[in-house]
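As structure tokens, the structure follows; a few thoughts come after it.
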Amino acid sequence: MAADPVETSSDAQGNSVGQYLANHLRDYGMVLALIAIMAFFQVMTDGTMLRPVNITNLFLQNSYIIIMALGMLLVIVAGHIDLSVGSVVGFVGALAAVMMVSWDWSIYLTIPCCLAVGILIGAAQGYWIAYWRIPSFIVTLAGMLVFRGASLWLLEGQSIGPFPRQFQALSTGFIPDLLPFVKTLFSVDRLNGFGLVTGIVIAGLIVWMGLRGRARNKAYGMVAEPLSFFVARNLIVAGAIIFVSYKLSTFRGLPNVLITMGVLTIIYAFLTESTTLGRRIYALGGNEKAAKLSGIPTERLTFLTFVNMGMLAALAGLVFAARLNTATPKAGVSFELDVIAAVFIGGASMSGGVGKIVGAVVGAFIMGVMNNGMSIMGIGIDYQQVIKGLVLLAAVIFDVYNKNKQS
Amino acid sequence: MTPLLEMRSITKTFPGVKALNAVNLTVMEGEIHALVGENGAGKSTLMKVLSGVYPTGSYDGEIHYDGQLAEFSGITQSEDVGIIIIHQELALVPLLSIAENLFIGNECARHGIVDWHETFQRTEALLKKVGLSEAPGTLVDRIGVGKQQLVEIAKALSKDVRLLILDEPTSALSEKDSQALLDLLLELKAQGVTSIIISHKLNEVRSIADRVTVIRDGAAISTLDADSDEITEDRIIRDMVGRDMAQRFPERVSNPGDVLMEVRDWNVWHPQHSERQVIHSANLNVRAGEVVGIAGLMGAGRTELAMSLFGRSYGRKISGEVQIDGRAVDVSTVNRAIDAGIAYVTEDRKHLGLVLDESIQRNITLANLPEVSSYGVISEAEEIQVAEGYRKAINIRTPGVFQKVVNLSGGNQQKVVLSKWLFADPKVLILDEPTRGIDVGAKYEIYGIINKLVADGRGVLMISSELPELLGMCDRIYVMNEGVLVGELTAAEASQERIMSFIVRS
């Protein structure tokens with residue numbers, strides 16, 4: 001038949017820099033926003049923001065939010081929500097406290113048991129959501145009440161602590177300097193060589209993988225990022241990683257929890273971007289009926305995203321308890337809101353099918369940096385809440401505006 | 001008798017399609033006027049023009065109602081003068097009561113406060129008029145489709161209807177309910193209500209209509225009069241289908257092989273209304289290298305049959321046997337059906353076929369991801385090669401495979417769906433309305449793809465509401481009506497008239 005003109009759309013013609021930027025405004029915008037916010041607070045706090053001790057604190061303070069954001073991203077991409085995670089954090093922390101302090105269990109027994117309990121909680125909620133199609137909002141709202149109550153019951157209204165040193169190290173421990181020669185090499189007193197070298201190696205890996213991906217994209221005719229963007233982006237990312245690792249190294253080195261967080265982030269980023277499992281979760285969230293008619297076990301996948309969320313919430317509960325060195329009935333209150341906000345600031349869509357792990361992590365850092373910076377500045381909790389709320393709203397409005405403009 | 005309604009030279013165009021072409025329709029005061037025609041002939045469009053769904057200005061031509069030029073800017077204006085349309089899909093709120101539904105948007109209220117006493121009294125009077133003995137407080141959800149239809153009519157009566165339009169009112173009704181409804185129409189006629197009834201059931205049309213207008217391809221072909229004894233089924237069928245068939249289908253040498261898929265005694269019940277059987281002991285087979293069609297009207301149960309075969313995606317209490325290559329296979333889940341070698345290309349590609357916000361590449365591999373991955377890790381390189389392969393092979397007109405499918409035209413979207421199922425490498429493809437909503441050029445290409453599929457030894461079961469398409473493409477055609485396969489015709493025997501007569505006489 002007659003040769004119709006080839007269809008063109010904004011996606012296809014990414015040749016010009018402006019066009020490319022328009023299509024990827026969200027990805028860059030978020031990173032730039034994070035940098036801008038950090039710079040703003042760096043100035044406003046007279047340099048306190050980027051002090052080594054504060055950077056270390058930033059990671060310690062936000063680790064549990066980020067760990068949960070990884071799971072929440074999957075839940076939200078699948079088209080659901082989990083309101084119970086804050087209560088699960090409290091409940092698992094309480095359970096760990098009872099096991100270690102009251103029953104004198106070893107941490108090697110406590111930690112697996114607590115993670116298993118998290119998995120069971122996720123399974124119990126996911127079962128109703130996936131197989132009975134009860135809205136996740138309702139099921140997890142119930143879970144939120146149940147596990148808050150259960151942690152009160154476990155702790156009998158008291159706080160339990162302190163915990164064994166080993167357990168505290170989960171959150172507040174640091175990797176010892178495995179490469180002491182670096183310090184002598186540069187003849188500085190206070191430098192964790194391992195931390196710095198790790199940072200440099202990771203930055204190098206990111207650049208290398210970026211180059212490889214770029215070559216591959218070119219080979220398959222994928223729309224390539226303009227070279228200037230690629231270079232700028234990699235310079236910023238690699239530079240930031242080296243900068244942060246240097247700062248951390250001049251304090252106490254890499255926090256254990258940063259390693260946990262980093263490894264988990266890499267695993268989940270890989271899972272969502274490169275595996276059939278991840279691909280299917282996106283398809284399920286994007287169009288459940290089409291996914292089902294393509295042979296994808298949509299119920300089982302929904303169930304698994306909640307099981308996973310339960311496990312990560314339990315891990316976050318352990319990390320948080322370890323950080324406080326005590327389990328209190330109030331632990332984890334309103335964490336679910338921070339986690340959900342992080343995922344949405346990170347660009348996920350309420351209707352499912354859209355969102356990235358890296359976005360969720362950056363979103364969590366944006367929230368974390370704002371919390372941290374405003375606290376240093378001595379802004380009251382009242383204003384802090386208002387500002388955080390407005391930032392969340394602005395991020396989502398920005399998304400919707402962008403989407404409308406494209407179509 | 002004087003004409004109540006005269007539609008003069010109505011022309012309505014949608015982008016690229018002339019849906020109505022200078023249609024004239026005259027309806028006399030107090031008559032029952034039937035509109036008949038194939039799916040997509042333009043009957044519903046004409047009624048939407050009349051009722052103001054398509055407002056004045058969006059079409060050419062004039063409507064004269066009750067001796068005056070009528071220019072409706074919306075459905076409220078047409079309702080104000082007594083033109084009420086009852087659509088095929090009933091517009092009732094299931095979880096409200098009959099009384100609430102009757103007066104929805106038109107409540108018996110003073111200053112916004114509902115007068116329940118008056119509401120119930122008036123409801124009872126109206127229900128009596130339509131012969132429905134249900135309490136006004138009964139939820140609409142709780143009564144059957146037939147009674148719901150009566151509620152719709154009662155609702156029309158509450159608005160002082162003068163011209164009642166019913167779009168396929170009996171298509172979902174049992175024999176008994178249909179008869180009750182037709183009797184009611186005759187009764188309303190005696191009370192002076194004029195009706196226009198759109199129907200496919202020619203026996204019904206013959207029994208109640210005073211005059212019949214046949215619409216075909218957006219034009220009024222003929223108006224037949226009951227008094228002069230013109231209304232015969234043969235005459236109506238001839239007028240309905242008599243279009244010339246241009247050379248719109250690519251040539252194919254038919255060479256059917258062994259039976260690939262055999263379905264035996266297949267029964268399906270409605271997923272919600274468990275007492276309603278949707279498919280009644282269907283038996284059919286598809287040979288290798290054969291295109292088999294299923295003809296039927298909308299609601300005949302063709303899609304339901306196809307989806308129930310494909311992993312029980314529709315219905316419940318499914319019984320029967322499916323054989324592939326002579327062996328009984330398990331098709332109880334979509335995955336098993338795919339493994340057994342069946343693929344189903346949906347009629348509703350936007351809602352059931354594609355993940356619109358994802359790329360062409362991701363959509364194509366969705367049903368067979370393991371093929372491009374090892375140990376659960378997707379090789380994007382392989383995936384891109386596969387998608388590029390299909391893009392070129394079946395001519396998906398895009399620069400690359402990274403575009404979101406939401407941005408593609410209907411024809412290209414359909415090619416993506418076809419690619420997805422080709423990549424799953426099925427033995428039998430069930431194509432449900434494969435050319436719906438796509439332009440003529442793309443249709444021709446899709447036909448070419450279908451021909452290539454069967455040339456490779458696959459079997460194709462094709463559902464289509466366009467009879468010429470079935471006649472042009474198929475080696476064999478099953479005719480389905482109301483959940484029953486009522487006939488089977490070879491390509492040589494098949495004609496539009498024969499298919500239509502199977503449907504309207506069953």
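Naming convention: chains lettered A, B, ... in sequence-line order (proteins, then strands); numbering from 1 in each chain. Worth saying up front: this structure is predicted, and the values here are computed from it rather than measured.
Chain A forms more heavy-atom pairs under 4.5 Å with one residue of B/Leu366, B/Thr333, B/Asp357 than with any other, namely B/Leu366. Chosen from B/Leu352, B/Asp339, B/Leu354, the residue pairing most often with chain A at heavy-atom distances under 4.5 Å is B/Leu352.
Not a single salt bridge (charged side-chain N to carboxylate O under 4.0 Å, His left out) links B/Arg316 to another residue, sequence neighbours left out.
Here OG of A/Ser294 is found 10.5 Å from CG of B/Asn368. Values are rounded to the nearest 0.5 Å. Interatomic distance, A/Ile296 CD1 to B/Leu369 CG, rounded to the nearest 0.5 Å: 6.5 Å.
Residues of residues 418-428 of chain B having a heavy atom under 4.5 Å from any heavy atom of chain A, listed by number: B/Lys420, B/Trp421. Annotation: residues 340-350 of chain B contacts chain A through B/Lys350 [non-hydrogen atoms, separation under 4.5 Å]. The contact list for residues 277-288 of chain A toward chain B, using heavy atoms and a distance under 4.5 Å, reads A/Arg279, A/Arg280, A/Tyr282, A/Ala283, A/Gly286, A/Asn287 by residue number.
At a 4.5 Å heavy-atom cutoff, the contact between B/Ile338 and chain A is made by side-chain atoms alone. Only the side chain of B/Thr365 comes within contact range of chain A, with at least one heavy atom under 4.5 Å from a heavy atom of that chain.
Across all non-hydrogen atoms, the minimal contact from A/Thr276 to B/Ser373 is CG2-OG, 3.2 Å.
At least one side-chain heavy atom of A/Phe270 sits under 4.5 Å from a side-chain heavy atom of B/Val377.
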**Message:** Does A/Leu293 form a side-chain contact (heavy atoms from CB on, under 4.5 Å) with B/Met307? I'd like the steps, not just the answer.
**Reply:** CA-CA 9 Å; A/Leu293 279 174; B/Met307 287 185 74; 4.1 Å; yes
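Counting non-hydrogen atoms of other residues, nucleotides and ligands closer than 6.0 Å to OH of A/Tyr131 gives a total above 12.
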